[in-house]
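The next block holds one structure in the form of structure tokens; read it before the comments.
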Amino acid sequence: MLSDDARSLLHAAVPTAVAGAVAVVVSAVVAGGKGALGAAIATVVVMLFMGIGFIVLQRTAKSLPHLFQAMGLMLYTTQILLLFVFVAVFKNTTLFHPKAFAITLVATTLVWIAAQTRAHMKAKILYVEPDSVKGDKPENSGPKS
């Protein structure tokens with residue numbers, strides 16, 4: 001992973017982790033230990049899904065740049081559908097508080113998307129790859145006489 005990719009991942013993961021920690025505290029106050037557990041599980045699920053998706057998307061961009069946009073749309077659609085599946089599967093669980101889980105899942109997903117968007121907008125990404133000058137060839141700066 002390139003340092004720019006790692007930096008973008010970090011810029012999305014840290015705010016999500018902070019939002020998850022806040023959700024754990026709020027859920028603990030509102031719904032007790034089961035609420036805190038549900039919020040913690042939701043935070044981990046979102047960070048895993050979104051982090052893996054980010055890595056897959058970056059690798060696609062490097063190896064198959066012509067598929068980047070389609071892959072991004074497919075990936076985000078799949079991630080959102082899988083998150084809905086998680087909510088549906090665990091809606092009647094007694095392991096943790098399902099409402100705390102669902103609310104935290106949605107909130108941390110929105111935080112991840114917003115933070116990733118902000119990181120992308122702030123990144124200084126070149127639109128064109130600059131030509132590299134090789135050491136064995138002299139650079140031609142003008143017409144030959």
Side-chain angles (χ1 to χ4, degrees), residues 1-137 139-141:
M1 182 179 286
L2 297 174
S3 65
D4 292 338
D5 297 341
R7 190 175 308 121
S8 293
L9 182 61
L10 187 66
H11 284 199
V14 170
T16 304
V18 170
V22 169
V24 167
V25 170
V26 170
S27 297
V29 170
V30 173
K34 286 190 175 191
L37 182 62
I41 291 171
T43 302
V44 170
V45 166
V46 167
M47 291 184 71
L48 281 175
F49 273 32
M50 296 300 191
I52 291 169
F54 180 83
I55 292 168
V56 167
L57 197 57
Q58 293 307 318
R59 288 190 180 187
T60 300
K62 303 237 183 319
S63 61
L64 303 166
H66 59 286
L67 294 178
F68 180 71
Q69 185 176 15
M71 182 68 169
L73 291 171
M74 184 188 75
L75 181 70
Y76 287 127
T77 303
T78 304
Q79 286 174 330
I80 297 300
L81 288 173
L82 285 174
L83 291 175
F84 280 130
V85 167
F86 262 84
V87 171
V89 167
F90 290 112
K91 73 178 181 182
N92 293 323
T93 187
T94 57
L95 177 63
F96 52 79
H97 196 271
K99 285 187 182 179
F101 174 77
I103 291 169
T104 303
L105 198 70
V106 170
T108 52
T109 299
L110 292 175
V111 168
W112 180 283
I113 292 170
Q116 190 174 9
T117 302
R118 184 179 186 277
H120 182 71
M121 297 295 285
K122 293 279 187 180
K124 294 181 169 113
I125 300 171
L126 297 174
Y127 292 99
V128 178
E129 293 283 332
D131 290 336
S132 62
V133 178
K134 295 186 179 181
D136 56 347
K137 292 184 178 179
E139 186 177 340
N140 295 331
S141 60

Parallel, tilted or perpendicular, as decided by the 30° and 60° cut-offs, for the rings of F101 and F90: perpendicular

With rounding to the nearest 0.5 angstrom, report the CE to CD distance, M50 to Q116. 8.0 Å

Close side-chain approach of V89 and V85, heavy atoms under 4.5 Å: yes

List the atom pairs, with distances to 0.1 Å, where a side-chain N or O of residues 14-39 and a protein N or O form a donor-acceptor pair under 3.5 Å, not counting sequence neighbours.
residue: T16; atom: OG1; partner: A12; partner atom: O; Å: 2.7
residue: S27; atom: OG; partner: A23; partner atom: O; Å: 2.8
residue: K34; atom: NZ; partner: T94; partner atom: O; Å: 2.7

Can you tell me how far the CH2 atom of W112 sits from the OG1 atom of T117, to the nearest 0.5 Å? 11.5 Å

How long is the span from the CG atom in L105 to the CG atom in L110, to the nearest 0.5 Å? 10.0 Å

Applying side chain to side chain donor-acceptor pair (under 3.5 Å), can you list everything that pairs with Q79, at least two apart in sequence or on another chain? none

So, using side chain to side chain contact (heavy atoms under 4.5 Å, CB included) as the criterion, who are the partners of I52 when residues are at least two apart? V56

Run the side-chain donor-acceptor check on residues 66-75: report pairs under 3.5 Å with partners two or more places apart or on a different chain.
none

With side chains defined as the heavy atoms from C-beta onward, is the minimum distance between T109 and I80 less than 4.5 Å? yes

Sequence neighbours left out, what pairs pass ring pair (Phe, Tyr, Trp, His ring centres under 6.0 Å) with at least one residue falling in residues 17-50? F49-F86

Got a sec, which residues hit side chain to side chain contact (heavy atoms under 4.5 Å, CB included) with T43, two or more places apart in sequence or on another chain? M47, T104, T108

Nearest-0.5 Å distance that lies between atom CD in Q58 and atom NZ in K62: 5.0 Å

Are any of the side-chain heavy atoms of Y76 and L57 separated by less than 4.5 Å? yes

